[in-house]
Structures are given as structure tokens and as C-alpha cells.
Amino acid sequence: MPSFQSPTELTTAVNSIYEPISASKTRPVYPQENYYIEQPAVPGAYLGPIDASLPDADKVPLLFQPFTIKDLTIPNRIVVAPMCMYSSLDGFFTNFHLASIGSFAINGAGLIIQEATAVLPNGRITPGCAGLWDDAQVFKLKEIVDFVHVQGGKVGIQLAHAGRKASAGAPYTKYPESAFWPEDVIAPSGGAHLQWDKHHRVPRELSLAEIREVIDAFGAAAARAARAGMDTVEIHGAHGYLIHNFLSPLTNQRTDHYGGSLENRARFLLEVVKSVRANFPAEKPIFLRVSASDLVEEVEGIEDSWEIEQTIQIAKWVRDAGVDVLHVSSGGNTAQQKILTAPGYQVPFAEQIKRAVPGLAVVAVGIILDGPQAEEVLKSEKADLVAAGRTFLRHPNFAMNSARELNVKAAYSQQYSRGRTIHS
């Protein structure tokens, strides 16, 4: 992979590629380029059974029934979970993101949530992560949103701050040290003992003024997402990033009103929710991604951590504060975690929250591999929606595959309709 000695060299290399075809600098923009084929049915919508002679063929699987929350209606219950692509320069979305997100829309995903998108430059996980801290970043994002919408699809974006896991190396590009911000990796509490592992930076403790700046940055990013036309935003409170750092006693050792009791540790999250809700249209839903547990219950020597009972309590608080949907994951806050992965391994967390917190829709996620597995989650009332991540990377047409597995004739994008086989 290419290695650049400085950010300027990297920028120059990128510009040398795109300068000849830059619409804004070397040629006019033609309205014909925005022409699209109207879709008579949203890709992924239920049209009927493939084989009407099969038992229960007249019953629509829950996975392919529409779901409505506030003014958002999606044609099926399949969600593309946000996945970092590490493919941005200075936080900007690119044509790669348009192609990637667009492929999920064409192939029938009910809702697509774009990757963790930093609300401040120092909130990126890596120098290659996406951002929404600048108005200039809205333009390409709106292009992506508009493409999804003309396919009939729905899209959201995950707003994030990486906290003590920021300024890390990216998997595809070797950045010079000058591209990182080792002195500005922030967390509720700082010091070498709170370094995630040897590959991450030593975090410093946020001041009260800086906490306010981050909260306001979440709100400003939500306003930009609204200007881009997003159908929803998801606040990233999971996987050991900044909000999770505040919630967990493993990483929050503050003695002021942002640390100590659960109420204090949840204060930052609730203030972020308030800021986002105030800056995103009231008729549109807000999602929150959480880690239901630090997954250290079996680790010797750790007595106080983040676990499901606390998650249930904050789920009630965020529901009352304006969150409409909880997206339930786990882990990511400590290198000592013990993760026992298996298909559907995080679904039990979602089920516990759904049963304990009425009035809050729940998304289950965690190695969802096929349609029958996802349908079982819904039929058992363990969740309202089912999200998949890496499964979509392997199979961008995961929604259509699931339809075939459940005897569902799902709507295709018109341009892809000739790909329908006699069995779908």
C-alpha cells in the first residue's frame, strides 16, 4: 500500500487523481447526471410468496413486514449496521461511500446506517475516518442520501467520538506520525493506566469546558445530518468510545458530577441525547448504539464494570429523553474483555432490554447470518429490528438472499430485475 511522508503529500496525491475529473473545477455539472429510474416498489419490499403452494405461504414473515417509528417507515426489518471503512480524507465522504452505501440500497436493505462519523477532528478513530464537524462535509453526504432516496431506501448516520481509542492506525494506509493527534486523545479520565492497550494512545482527562464542547459538537453534527436529508441519526454509545468511556466505571474515575454514581456517569450521554434531539427534526427518530456489557464478568480482579442491569436503567432514561430505538451491541471498552462469539451471541442482551423497557424499539445485532435466523429473533419477540454488519460485506444482497430463504418474493430495483431467478 502507498506510504506518504506527510499529510500534504497525501493530499497532493489524491488531488492529482481527482483534479482532471473534478466537476467543480474543470467542467460544468450537467443535470442529466442526476437522472434516475423511478422504482415502482421499494427494493426489499414484500410482493408475495415465491411458491404459494408451500405451508403458511400466505403469511408474511415478520422480517419482511414494514416497520414504522415516527415518520420513518422501512419496507423490511433488515438494518445495515454501521461499519468503519477508513476511507476518508479530512473526514470527507467519497465516491467509495456512495458506491458502498448505494449497493445496499439497490439490494433491498430496509435501513442503512452509515459508519461511525466523528463530530470533532479528534473524535476520529483513525486519520481515515469520516467526519461531520464541518459544513463542507455535508455536500457529498447529501449526494449519498439523495441516491438512497431515489432508490426508495432509507438511510441514517452514526454520530461518534472515539474517546480514548482515537488517533489509532488505519488498516489500509500507513499515515505519517504527523497525521495523528497523540496529545489530544480525550476521555473522562486520563493517565497511562487508562491506555486501552499498547497500540493506543494515553488519554488525557476532559475539562468541564471541553465536555460542553463535545456535547455541542454532537448537536451541530446532528443539524448537518438533517441538512443532508438523513432519515435518522444514531448516537454511538458503544464499543469503548467516548460515551461508553463515561458510562463504565472501568474508564470513568471522575469525582465531579460526571463520575461516581450511575446517574452521574450517565449525565454525559443524556446531555448528548438532549443536544442531538434539539438539533434533529422532532418528527424523525433517534437511535442509540450501546454496549450492554463490558464483558468482563469472568475476568478475575475486576469487580465493578458496565453490565446489563445498568444498561436497562439508562435505556429507560434515554427513552424518556428522546431516544426512539436502542441498537444493542456489547464489549469494546477494555482489552481484558472475554467475548464468546457465536451466531446471535448478542441477541440475549437485546431481548432483556426489550422485555424490561416498554416503549423503546430494539435492534438486535451480532453474527446474523441468514433470513431464518433473523426471522426467529423477531418471532420470539427478542427485538423489533435485526442488524447485520460483516454479513453485508460478504453479501451486499443479504436482504434478497433472506427473502428467498423465507419464500418471499421481494421487490427488486428495476435495473436489477432481470437477475431474478425462477426461484425468487
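The basis for the numbers below is simple: all heavy atoms, side chains too, and nothing from hydrogens, waters or symmetry mates. Bear in mind that the values here come from a model prediction, so they are computed numbers and not experimental data.
- By the 30° and 60° cut-offs, the orientation of the rings of Tyr86 relative to Tyr172 is perpendicular.
- Residue Arg390 qualifies as open at atom CZ: its count of foreign heavy atoms under 6.0 Å is 12 or below.
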Worksheet entry | Derivation and outcome, side-chain contact (heavy atoms from CB on, under 4.5 Å), residues Phe268 and Arg254 | CA-CA 12 Å; Phe268 177 73; Arg254 299 180 73 97; over 6 Å; no

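- Side-chain atoms of Asn245 and Asn252 include no donor-acceptor pair closer than 3.5 Å.
- Between Gly169 and Thr126, the shortest heavy-atom distance links the atoms O-CG2, 3.4 Å.
- Here the side chain of Arg212 pairs no donor or acceptor atom with the backbone of Ala209 at under 3.5 angstrom.
- Inter-residue side-chain proximity for Val325 and Val363 is flagged as met; some heavy-atom pair is nearer than 4.5 Å.
- Using a 4.0 Å cut-off between a side-chain N of Lys or Arg and a carboxylate O of Asp or Glu, Lys316 and Asp320 do not qualify as a salt bridge.
- Contact of the Val290 side chain with the Ile314 side chain is registered, since non-hydrogen atoms from C-beta on lie closer than 4.5 Å.
- In this structure a side-chain-to-backbone donor-acceptor pair under 3.5 Å is present from Gln39 to Gln414.
- Side-chain contact between Leu242 and Pro188: present, with at least one pair of heavy atoms (C-beta onward) separated by less than 4.5 Å.
- There is no side-chain donor-acceptor pair under 3.5 Å between Glu263 and Gln313.
- Under 4.0 Å is where a charged nitrogen must lie from a carboxylate oxygen, and between Asp135 and Arg224 at least one such pair does.
- The shortest heavy-atom contact between His239 and His244 is N-ND1, 3.4 Å.
- One side chain, His149 or Asp231, offers a donor N or O that lies under 3.5 Å from an acceptor on the other.
- If you check the side chains of Gln114 and His97, you find no donor sitting under 3.5 Å from an acceptor.
- Contact annotation: the side chain of Phe246 approaches that of Leu206 to within less than 4.5 Å [non-hydrogen atoms, C-beta and beyond].
- Contact annotation: the side chain of Asp294 never approaches that of Gln337 to less than 4.5 Å [non-hydrogen atoms, C-beta and beyond].
- The number of heavy atoms from other shown groups lying within 6.0 Å of CD (Glu38) does not exceed 12.
- What you find for Ser189 and Pro203 is that their closest heavy atoms are O-CG, 4.1 Å.
- Atom NZ of Lys70 has more than 12 heavy atoms from other residues, nucleotides or ligands within 6.0 Å.
- Taking 4.5 Å as the limit, some side-chain heavy atom of Asn95 sits within range of a side-chain heavy atom of Lys140.
- We find the CE-CD1 distance between Met83 and Ile113 to be 10.5 Å, quoted to the nearest 0.5 Å.
- Taking every heavy atom of both residues into account, Phe147 and Gly102 meet most closely at CE2-CA, 3.6 Å.
- Residues Lys354 and Lys382 come closest through the heavy atom pair CD-C, 3.7 Å.
- To the nearest 0.5 Å, atom NE2 of residue His236 and atom CZ of residue Phe218 are 9.5 Å apart.
- With hydrogens and angles ignored, the 3.5 Å screen pairs a side-chain donor or acceptor of Arg267 with a backbone N or O of His257.
- The minimum heavy-atom distance linking Ala217 with Leu120 is given by the pair CB-CG, 3.6 Å.
- The OG1 atom of Thr73 lies 11.5 Å from the CG atom of Leu111; values are rounded to the nearest 0.5 Å.
- Listed for the Asp90 side chain is no donor-acceptor partner under 3.5 Å among the backbone atoms of Phe92.
- Counting heavy atoms from C-beta outward, Asp184 and Arg204 have side chains that approach closer than 4.5 Å.
- Annotation: Lys274, atom NZ; neighbour count of heavy atoms from other residues, nucleotides and ligands within 6.0 Å does not exceed 12.
- In this structure, the side chain of Ser402 engages the main chain of Phe398 through a donor-acceptor pair within 3.5 Å.
- In this structure, CG on Leu132 lies 7.0 Å from CZ on Phe93, to the nearest 0.5 angstrom.
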Discussion item. Using the rule given for side-chain contact (heavy atoms from CB on, under 4.5 Å), can you reason through Gln346 versus Val328, listing the C-alpha separation, both sets of side-chain angles and the distance that settles it, and then say yes or no?
Written reply: CA-CA 8 Å; Gln346 294 176 143; Val328 184; over 6 Å; no

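- Judged by distance alone, with hydrogens and angles left aside, the side-chain atoms of Ser330 form no donor-acceptor pair with the main-chain N or O of Ser293 at under 3.5 Å.
- For the atom pair CD of Gln158 and NE2 of His327, the computed distance is 8.0 Å after rounding to the nearest 0.5 Å.
- No side-chain donor-acceptor contact under 3.5 Å links Asn333 and Ser291.
- Distance check, rounded to the nearest 0.5 Å: OG of Ser305 to CG of Leu247 gives 12.5 Å.
- Summarising the local packing, CD of Glu183 is surrounded by 12 or fewer heavy atoms from other residues, nucleotides or ligands at distances under 6.0 Å.
- For the pair Asn76 (side chain) and Leu63 (backbone), a donor-acceptor distance under 3.5 Å is absent.
- With a 6.0 Å radius and a threshold of 12 heavy atoms from other residues, nucleotides or ligands, Tyr416 has its OH atom at or below the threshold.
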Fill in: Stepwise side-chain contact (heavy atoms from CB on, under 4.5 Å) check, Phe392 with Asn107
CA-CA 10 Å; Phe392 268 103; Asn107 283 290; over 6 Å; no

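- With respect to the salt-bridge test (charged N to carboxylate O, under 4.0 angstrom), the residues Arg289 and Glu115 do not qualify.
- A donor-acceptor pair is defined here as one N or O able to donate and one able to accept, closer than 3.5 Å; no such pair exists between the side chain of Arg319 and the backbone of Gly322.
- Here the side chain of Arg77 pairs a donor or acceptor atom with the backbone of Gln65 at under 3.5 angstrom.
- With hydrogens and angles disregarded, no donor-acceptor distance shorter than 3.5 Å links the side chain of His395 to the backbone of Asn397.
- Leu159 has its side chain out of reach of Phe287: every pair of non-hydrogen atoms, C-beta onward, lies at least 4.5 Å apart.
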Discussion item. Before you tell me yes or no, could you show the steps for Asn401 and Asp370 under side-chain contact (heavy atoms from CB on, under 4.5 Å), namely the whole-Å CA-CA distance, both residues' side-chain angles and the distance that decides it to 0.1 Å?
Written reply: CA-CA 8 Å; Asn401 290 344; Asp370 56 40; over 6 Å; no

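- Environment of CD in Glu381: sparse, with no more than 12 heavy atoms of neighbouring residues, nucleotides or ligands closer than 6.0 Å.
- No side-chain donor from either of Gln373 and Glu376 sits under 3.5 Å from a side-chain acceptor of the other.
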